[in-house]
Amino acid sequence: HVRSRRQRQMCIRDRYYMLTSIQGKTVIVTGGSKGIGKGIASVFAKQGAKVMIAARGESAAKEAIEEIKTAGGTAEYYLCDVSNWEQVQALVDHTENTFGPVDILCANAGTFPQKKIVDLSPEEWDDIMSTNLKSTFLCVKACIPQFEKLGKGRVVVTSSITGPITGYPGWAHYGATKAGQLGFMKTAAMELARYNTTINAVMPGNIVTEGLASLGEDYLNSMAAAIPLKRLGAVEDIANAALFFASDEAAYITGQQMVIDGGQTLPECVEAVDAVSYTHLT
Ligand code: NAP
């Protein structure tokens, strides 16, 4: 059997675009103006998706979409505080009017201010619950009519290793929101099944972003030293996992979580990392 030129070309194309299903899809990326969200936005746009970035600050959002457009992608931004129900509803309406119904929601926006429990005020606790956890619920709720309309949908939540797996002084409130997102996801997966929609979570380790850089050089160095793969993560490391969960190819996976941390949560003790022999580093 001899393949025609067109068949051969299609073969090559199919091999190159493993996740063809993302092309032309409407995607909301909350917190898409910086860090991990910006990485998700640009990786999805590179795969042909139409990306709506949601964030509060205009200059970073504008910059992010300009970068995507310069690279040949499709992206717009909408200024929105994800902890505000009216604003989240307006974001979804605006996205539908701009690009068509929302196929994929990446609920990624979040902050990680560091403060120990003794110093943390009840108001600060409420603030982070709203920004990181309530926002996940609000964004999913606002997208349900979109998924219902389309007969399918995808949600990818950005959780963390901090909270569900690890602890770090100053992040009790943050860790609670990140574990809370996973708790929310399990039942949401069951409720969203009715709309042929999946929801899964990425759990990043320490990823180089604007937010992480603000924690200082010492923090970054100590984290890199504790990671078996001996480097902090890149935003693309998370974006590629999000892309998989968002694809048609992941249609039978729901309510699940994936740790992407270079092995950071594996060592039993500090010495265990030191005991790894790094042939490529010698
Ligand atoms: P980042 O660099 O600080 O970026 C945060 C993004 O979220 C920005 O676009 C920010 O834009 C937006 N945002 C914050 N509060 C918002 C609000 N109320 N409404 C709308 N947008 C808001 O942070 P990152 O490091 O990329 O973190 C992103 C997500 O990954 C967070 O959920 C975080 O918990 C998670 N994560 C990060 C790491 C890491 O190592 N970096 C590790 C584990 C998990 P505006 O401020 O302009 O609104």
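Every number for a ligand or one of its atoms is a count from 1 in the order of the listing.
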So which atom in Ala64 and which in Gly32 form the shortest heavy-atom distance, rounded to 0.1 Å? CB-O, 4.0 Å
Any side-chain heavy atom of Ile53 sitting closer than 4.5 Å to one from Thr30? no
If the criterion is any heavy atom closer than 4.0 Å to an atom of ligand 1, which residues make the list? Gly31, Ser33, Lys34, Gly35, Ile36, Ala55, Arg56, Gly57, Cys80, Asp81, Val82, Asn108, Ala109, Gly110, Thr111, Phe112, Thr131, Thr158, Ser159, Ser160, Tyr174, Lys178, Pro204, Gly205, Asn206, Ile207, Thr209, Glu210, Gly211, Leu212
Regarding Thr98 and Glu76, is there a side-chain donor-to-acceptor distance under 3.5 Å anywhere? no
Do other residues, nucleotides or ligands put more than 12 heavy atoms under 6.0 Å from the NZ atom of Lys69? yes
Could you list all the ring pair (Phe, Tyr, Trp, His ring centres under 6.0 Å) pairs where at least one residue sits in residues 82-127, not counting sequence neighbours? Tyr78-His94, Phe112-Tyr174
One should read off an interatomic distance between Asn132 CG and Gln181 CD, to the nearest 0.5 angstrom, of 6.5 Å
